[in-house]
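Notes for the one structure printed next.
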Amino acid sequence: MVDITIRGAGIFGLSIAWVCTRRGASVRVVDPNGPAAGASGGIVGALAPHVPENWNEKKAFQLASLLMAESFWTEVAQTGGVSPGYARTGRLQPIADERALVLAQSREDTAAELWQDHARWEVIAAPEAGTWSPPSATGFLIRDTLSARVHPRQACAALVAALCAMGVEIVKETVDEGQVLHATGVAGLAEINRAKGKTFGNGVKGQAALLAFDAGPQAPQLFADTLHFIPHADGTLAIGSTSERDYKDGHSTDALLDEVLNRAIAAMPVLRDAPVIERWAGLRPRSQSRAPVLGEHPLYPGQFIANGGFKIGFGMAPRIAEVMADLMLEGRDEMPEGFRA
Ligand SMILES: Cc1cc2nc3c(=O)[nH]c(=O)nc-3n(C[C@H](O)[C@H](O)[C@H](O)COP(=O)(O)OP(=O)(O)OC[C@H]3O[C@@H](n4cnc5c(N)ncnc54)[C@H](O)[C@@H]3O)c2cc1C
């Protein structure tokens, strides 16, 4: 008999399993498709903050999660011996025009106030040509020191290894024992839609590509022309993503990804000859409110849900795992109001 059964072995289910196990609970994870079969099996992995202004509970929660990430992933790596590809390497964004420059400069002050000494948001002169940084029309860039990256697929493998080292079983099917948590991503949202007869949430398709391009182990991620460029520790570079509400097949790539790659090369000409080694597509679980959906399950009284990671599921996972463990193990509810299921 285990204390907790977790349905879904994506980043939410695995992270919550990890924190509950670390706190002494016995946990079993069940996923008929195996770990990282859904959105979490991807390649992008930007752990990047919202802009430091118009502060709200979602941004505060995300900041806490980003600040926890280093110790979270270090412990996972040490326990299981598998690297999640985490590093807090920061982020560079080109500044397109004078208006954007003034705005970026004003955010230096709000970042200092909101992020305090934890991280900086600053406007810097673009470095010399030949350095890993995006060309900038104004000659200036935003640099933040809060952004980090993981390799999503490797991060899930690292959690699986750490859980296995702690004796947690990850199985294809099981009966529910103890408390039950549903972290079933898009399938879980669809189940609620069907039962309620209205839209609670759905999948937003994203396509991304992996290039053989080694920007260096400490190279910052870039955000240019609304695209993320994520240099991974293994000498690959992820570029993403599309955001598609309408699609026929959630898991195939097409001309929209070619368009992303063309825009990426226009923004970063140095990538022109880099071979594309993988094209990947997945469905982001998006709730109607766009916020995570946590707490008591809307269909199963007494059971729990963690869903709605949408575009920042990896960034939010460490803190979500903490608040779900607080709730399930101690009955302590520290959930932001807007995240309640
Ligand atoms: C192209 C793309 C780029 C992205 N980039 C980023 C990024 O840069 N940074 C970031 O933070 N996030 C990013 N995301 C979002 C992130 O991937 C998701 O928010 C996150 O993976 C959601 O995790 P999850 O565990 O909720 O869902 P999933 O990973 O989808 O996991 C759900 C799991 O539940 C299982 N399941 C389904 N039904 C059942 C059942 N009945 N019983 C048991 N198990 C079941 C499925 O098999 C699946 O494994 C991106 C997503 C995409 C698609």
Side-chain angles (χ1 to χ4, degrees), residues 5-17 28-50 62 65-66 69 85-86 91 147-153 155-156 159-160 170-176 180-192 201 203-210 221 223 227-230 232 238-244 247 250-251 253 256-257 260 278-287 290-294 299-300 303 305-321 324:
T5 302
I6 294 183
R7 299 204 155 268
I11 187 63
F12 277 11
L14 294 170
S15 299
I16 296 165
R28 188 177 295 130
V29 181
V30 52
D31 192 320
N33 308 305
S40 305
I43 50 180
V44 183
L47 312 182
H50 292 288
Q62 192 202 21
S65 196
L66 293 176
Y86 174 89
R91 175 179 58 173
S147 296
R149 46 97 167 137
V150 284
H151 189 301
R153 199 175 293 158
C156 289
L159 276 164
V160 167
I170 301 177
V171 297
K172 297 240 177 211
E173 55 180 48
T174 189
V175 289
D176 291 338
V180 180
L181 168 83
H182 301 254
T184 49
V186 172
L189 296 175
E191 181 189 13
I192 300 170
V204 174
K205 182 175 176 179
Q207 301 185 40
L210 198 64
Q221 63 186 271
F223 186 67
L227 297 175
H228 296 276
F229 299 71
I230 311 294
H232 286 302
I239 297 174
S241 312
T242 65
S243 190
E244 305 164 50
Y247 46 84
H251 301 283
T253 63
L256 293 177
L257 183 56
V260 162
E278 183 176 345
R279 295 163 65 97
W280 184 84
L283 291 178
R284 308 172 178 97
R286 175 192 185 278
S287 73
R290 299 167 66 98
V293 175
L294 308 177
L299 300 182
Y300 307 119
Q303 300 189 1
I305 184 169
N307 207 321
F310 195 30
K311 295 188 174 177
I312 55 172
F314 279 83
M316 298 288 238
R319 181 74 187 125
I320 282 177
M324 290 306 297

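Whatever order the structure lists them in is the order used to number ligands and atoms, beginning at 1. Since this is a predicted model, take the numbers as computed values, not measurements.
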Got the closest protein heavy atom to [atom], with its distance?
| atom | result |
| --- | --- |
| atom 33 (C) of ligand 1 | Asp31 OD2, 3.5 Å |
| atom 16 (C) of ligand 1 | Phe310 O, 3.8 Å |
| atom 17 (O) of ligand 1 | Ala39 O, 3.3 Å |
| atom 45 (C) of ligand 1 | Thr184 CG2, 3.5 Å |
| atom 9 (N) of ligand 1 | Ala46 O, 2.8 Å |

Between ligand 1 and [X], can you find any atom pair, the residue atom being a heavy atom, that is separated by under 4.0 Å?
| X | value |
| --- | --- |
| Lys311 | yes |
| Gly240 | no |
| Asn307 | no |
| Gly42 | no |
| Pro152 | no |

Counting both backbone and side chain atoms, is some N or O of [X] under 3.5 Å from an N or O of ligand 1?
| X | value |
| --- | --- |
| Ser40 | yes |
| Ala9 | no |
| Phe12 | yes |
| Phe314 | yes |
| Pro285 | no |
| Ala187 | no |
| Val44 | no |

Between His182 and Gln303, is any side-chain donor less than 3.5 angstrom from a side-chain acceptor? yes
Any luck finding a side-chain donor-acceptor pair between Arg279 and Thr253 under 3.5 Å? yes
Nearest heavy-atom contact between Ser243 and Arg284 is CA-NH1, 3.8 Å
List the steps, then state whether side-chain contact (heavy atoms from CB on, under 4.5 Å) holds for Arg91 with Phe223. CA-CA 7 Å; Arg91 175 179 58 173; Phe223 186 67; 4.1 Å; yes
Per-atom filter on ligand 1: closer than 4.0 angstrom to a heavy atom of Gly315 are 11 (O)
List every atom of ligand 1 that sits less than 4.0 Å from any heavy atom of Ala183, numbering the atoms from 1 in the order shown and giving each element. 32 (C), 33 (C), 34 (O)
So, do Pro49 and Ser147 sit near enough that their side-chain heavy atoms are less than 4.5 Å apart? yes
Counting heavy atoms under 4.0 Å, the part of Leu14 that contacts ligand 1 is neither
